[in-house]
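Below is one structure, written out as structure tokens; the observations come after it.
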Amino acid sequence: MNRLNSTSGRLNRLLPWFLPVVSFLSWFAVSESGMVPTYLLPHPKDVLAAASTYIFSEAGQGSHAGRFFEDLTASTIRVMSGFGLAVVVGIPLGIVSGRVALVNGMLGMTVNALRAVPGISWLPLAMVWFGIGLKTTVFLVALAAFFPIYLNAEAGARQVSPILLQAGAMMGVNRLRGTFAILIPAAMPHIITGLRLGMGISWAYLVLGELTGVSNGLGAVIMDARMLGRIDIIVVGIILIALIGRLCDLGLHQLLRLSFKSARRMP
Amino acid sequence: MNRLNSTSGRLNRLLPWFLPVVSFLSWFAVSESGMVPTYLLPHPKDVLAAASTYIFSEAGQGSHAGRFFEDLTASTIRVMSGFGLAVVVGIPLGIVSGRVALVNGMLGMTVNALRAVPGISWLPLAMVWFGIGLKTTVFLVALAAFFPIYLNAEAGARQVSPILLQAGAMMGVNRLRGTFAILIPAAMPHIITGLRLGMGISWAYLVLGELTGVSNGLGAVIMDARMLGRIDIIVVGIILIALIGRLCDLGLHQLLRLSFKSARRMP
Amino acid sequence: MTTRLRIVGTGRKPEVAPVVLEIQRLSKRFGTHGSGDAGVLKEISMKARRGEMICILGRSGCGKSTLLKILAGFMPPSSGLVRLNGNPVSRPGPDRCVVFQEDALFPWLTVRENIAFGLKGRKMDRGEQQREVDRFVSLVGLTDYGDYLPQEISGGMKQRVSLARVLILQPEVLLMDEPFAALDAQTREEMQNLLLYLWEKLSHTVLFVTHDVNEAVLLADRIILFEKEPGRIKKDIKISLPRPREKSTEGYFAHCRSITSEIR
Amino acid sequence: MTTRLRIVGTGRKPEVAPVVLEIQRLSKRFGTHGSGDAGVLKEISMKARRGEMICILGRSGCGKSTLLKILAGFMPPSSGLVRLNGNPVSRPGPDRCVVFQEDALFPWLTVRENIAFGLKGRKMDRGEQQREVDRFVSLVGLTDYGDYLPQEISGGMKQRVSLARVLILQPEVLLMDEPFAALDAQTREEMQNLLLYLWEKLSHTVLFVTHDVNEAVLLADRIILFEKEPGRIKKDIKISLPRPREKSTEGYFAHCRSITSEIR
Amino acid sequence: RIGTWKTPQTIQPFFYDRFLPDSMKSQILSFTNPADQKTALLAGSLDMCGTTLAHAIYSASVDQPVVVVAALCNKCSALVVKKDGPIQSEKDLRGKTIGYVPGTMHEILLRETLTRNGISPARDVKLIRVDFFDMGTALARGSIDAFLSGEPFPTLAANRGYGRILSHPYYPDSISTINAGMIVRRNTIDKQPEKVARMVLAHARATRYLRDHPDEWLDKASGFGIRLEVLKAAAPNMELAWEMDAAFVLKAKALGSRMQALGIIDRQPDYDGLFDLSYVRQAQKRLE
Ligand SMILES: Nc1ncnc2c1ncn2[C@@H]1O[C@H](COP(=O)(O)OP(=O)(O)OP(=O)(O)O)[C@@H](O)[C@H]1O
Ligand SMILES: Nc1ncnc2c1ncn2[C@@H]1O[C@H](COP(=O)(O)OP(=O)(O)OP(=O)(O)O)[C@@H](O)[C@H]1O
Ligand SMILES: [Mg+2]
Ligand SMILES: [Mg+2]
């Protein structure tokens, strides 16, 4: 039941690529065999062509040509703003909820009810509140990321062993320092899970945020492609967002490990 | 920093209603003042009327009249199937990933990449794989719920103190029993968080699952209302799904507390 | 790594030192599991004067740790009052430091960082803090282990870290819950000497829970015997052996024997 | 709740009992923190015969817990081999049970459930299991605390639960890491008697880590003294006092004194 | 199994059951997006479904085996501006912000309108993408000055009091009023031509019936959730259809060329393969 030793570092390096490679190969095989027509499942080489047009062509040569870097920048800004907002609101609220029954009593029911509401239902209201454009996008992304961040921070703060807080208190640590020096580090495993989930869902909700009122962005491209039934572009979108999502996930993890001893030193 | 004692049980019972009541009152006030036209933010009494038509009227008396219970049943079946699938796949995979570096190496990257992919991008592919109807809906719901369940189970299993597993092993507990009697109970706080997030997001993704090819269900009603610009129905949908989501959340929590000592006895 | 401290026998503090800690008819009952009306602690009253070293002896489960936790301010008593310098105690504070019976080190901090933790908030420049930490790391014999994490050191080492991180704060009242239980004879003796040395120097008030009668007689000005079910004070024994105490003297043995027979 | 057991002096086991546990040139080094080439354990070799009671004495941090963990199969040695009945040990198993130095109770199980945990997998009907659990709960003096959770009982009670949940399994080899450190003198004596009683009856092999020389002399057939840095066997002392042993005999004192001077 | 939108102008499939032979039963599935329907059709989940002609042309241009066998509706587009806003004619759109959905019929009509009025879609106005369903809110809130979309949204905007229908962008010399059609898979035509014929016939009959009974049409449509008065106001701009002729195909070709100019398609599809008029003709014969 112990984690296996990483004796064979080589194998470990290759392992993560096993599933992607197998999926790609079977996709390729299915496409080559002609079992599934390309308009249902595009051929990898078509998707590759679409991707290279989207990423590398001169802008203006086709509907999506060369838009990638502009889209990426725009979307990244939106995702990061939304995610950042969710972090700034979600972590403090979650931690306070986890420790103060009063706050939890007040917020808990409402937050846990709203969690279930589909993001798209907020769109009409968000437009009324924020107009169309960046603010609505950021709001929708932040709303989606808020819930996992909040709920994990809350659970994490609730689990913290009272003896650690007592040890801090007897050493004269005030609430503020106690929060940063004890509560957050001790809740770190939960907090990290929440942040990682939040980051993932921020990208996933980008589509919703870019449905209305913005003209560029990866989410907008996916929705355009959907409108047109361009499955090849949708697959390009899936692959690109998966790659970007993975990079953000790694980056976030690294950043947390750099910034917090507890993220570095706990399993 | 300690949780407050629930000395005043009365206050604690009322506390959760504070935010909803305040929001409702300000909504009412804004609507009454006429600052915002009703086609942007419907008046509470219109929403109430729409809700009562939707829930209580005889079927067939209007667009949505009396459809609620049928929709609720249909949607609940879909959500529960999707959520159940996500649980059945996500928890074992997550736990194994958290304990076996080999599995984590193999799954981790792929799962963490796919987390970021917008649910709607899967729709065209899901339709090709599963056709339209229940299977696609369940797939989309399950996919959304899978990630928080998996990631929290994985983090939970990874955090489990090795000494508890060692204690089990020396008492002759085999892997299977060790998993059920030690690993899962010890990872319970994380697992609960994951299940609660997964349940919430199952409802939130219902809209996506009912976007296409099904004619009943709460998600379908919300999408219809959106298509018709019926903000009042959308608000009814928000409120109903929030209520249902909260009930499911409570139910899930109670069920877990009934089924697992560790859910009952740990904070 | 061995640290041997000679105890210089300074003049004894006068008997009339002011009362620092006063416990008035303190009872504690836990809500769960109807443990009867008895409760865990019943009507404990006692006083500790400035600079007194008080050892508490009592059977497993008689409420010694509970008493210390109440004194520290971690839990409220069911009834009764604790006063520190005349003021009622309600919250934990750095004037009453605890060496816990359980492992209460911060698992994400190294040995050095754990020991430095309480100093961080103090007005003290970094260099001085570092020197202070170095001094205490070496006093508890862990110089080579400064960069280890708690899960990488042995049980006895952990207890020494717990001790150091509290001693470094020089609190007015020290509450120690079996701090030397996991130490071998030699290390234990070193730690006892360290405690006595610092106590002579800083003359803080010490409440020391132990199961070792010899240790109690070696350290204490007074030994308080606890009774079980309900937990209450059975006997309050004054130990007026001169300091520094030698373990081989007849007076020492006599005390040990009488107390041992007392707790049978 | 007191449990007093009379030890009936059965005939001593013959010296030629077969070897159960064999440790061959076992070394352990931890990867992190260049603790030098020395490592934690260096070339430990020893044998334990069936039914032998071996006590291990050694300074804090000399590797006693590490040795027990390797014997239990929780971690692999860096080099060397452990054999149980001739077969190399690689995984934990119910033939070698450990009473941990740290708190290793399942926090979500009550005292009774913790004690019953290891029996669950066994072929034994529920009623018999219940009786067995009742018996051990009362043997460790926790009858009134059967429904308490670990966080609701005292440190000493936790150690008694740890002891009971292992003794109930009647393992071939018992590895005990300072099991009585947090107990008061009286409870400790009761537990020692309990251990000896069960040992006489079941004649399992016991490796017992302690810091208390008196305890070691009272219990052990052999006492193994550990040296520190690197951890290795300094001395292997045979205690051939007759059983049941009395703490007041001259032979007992002589052994205690000689060992105490040995570990200075 | 037939796919369609739940909108008044695409309602005919809901009436097929009345006009199909007893041996066939229809099951109607609703969608919000032509691409989804087409994907479901191609994946074999549907036998026939509605589509916009723009989407049909796009699909054919990338060699997807779909065939338009009947028209579904015509007209249905409208250009809406703010009720009390300054825009009195298309020419006033210069410099304004206009909402559109990329890749739809309405985008093409919008661009046609702007160009015909001497306004460059790229330089003289700001086009921003807004989901169909959000256009009303965006207009009401002042986030956009105008939008061009399909019924019932224009009438809804007018009915609610914040919008005004400026014009209907139909130009008889090019795209004109064509809007949507019914498509089937090519291999359905190859393997089950009688089934297609029966479905087209039912479609034609349903269309004729609804044209003759507008009350029943609007009544059913109001069951989708739109108020009857809105529907009545919108009815003149919604034309249920089934007939296709050579002129229809010409208009579609005009649409195709606009689409290519915009870069939505890379090449022209094979219009003769895309439009199969034979079923419409068969139905016409049967109905005479
Ligand atoms: N949270 C709690 N809930 C219920 N009972 C508790 C709780 N904490 C402690 N107790 C009870 O209080 C009693 C005294 O516990 P305490 O830890 O103070 O004993 P102790 O004197 O320190 O014993 P030891 O020497 O074994 O450490 C025990 O019977 C225990 O069961
Ligand atoms: N995971 C680990 N990583 C690095 N070093 C470790 C680890 N575990 C133990 N050690 C080191 O091994 C040495 C022996 O530890 P061990 O716990 O075996 O001591 P011990 O003899 O049981 O001491 P005590 O009597 O204090 O319990 C210590 O120096 C400790 O720092
Ligand atoms: Mg205690
Ligand atoms: Mg140890």
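In what follows, chains carry the letters A, B, and so on, assigned in the order in which the sequence lines appear, proteins first and then strands, with residues in each chain numbered from 1.
- C:E102 is listed as a side-chain neighbour of D:K158, based on a closest heavy-atom distance under 4.5 Å.
- Not one N or O on the side chain of D:H211 forms a donor-acceptor pair closer than 3.5 Å with the backbone of C:A181.
- Closest heavy-atom contact between C:E178 and D:A182: OE1-CA, 3.5 Å.
- For D:S154, the part sitting under 4.5 Å from any heavy atom of chain C is the side chain, from C-beta outward, and nothing else.
- Considering CG of C:D184 and CG of D:D212, their distance stands at 12.0 Å, rounded to 0.5 Å.
- Atom CD1 of residue C:I153 and atom OG of residue D:S60 lie 8.5 Å apart, to the nearest 0.5 angstrom.
- Here the OG1-CZ distance, from D:T187 to C:R59, works out to 3.5 Å after rounding to the nearest 0.5 Å.
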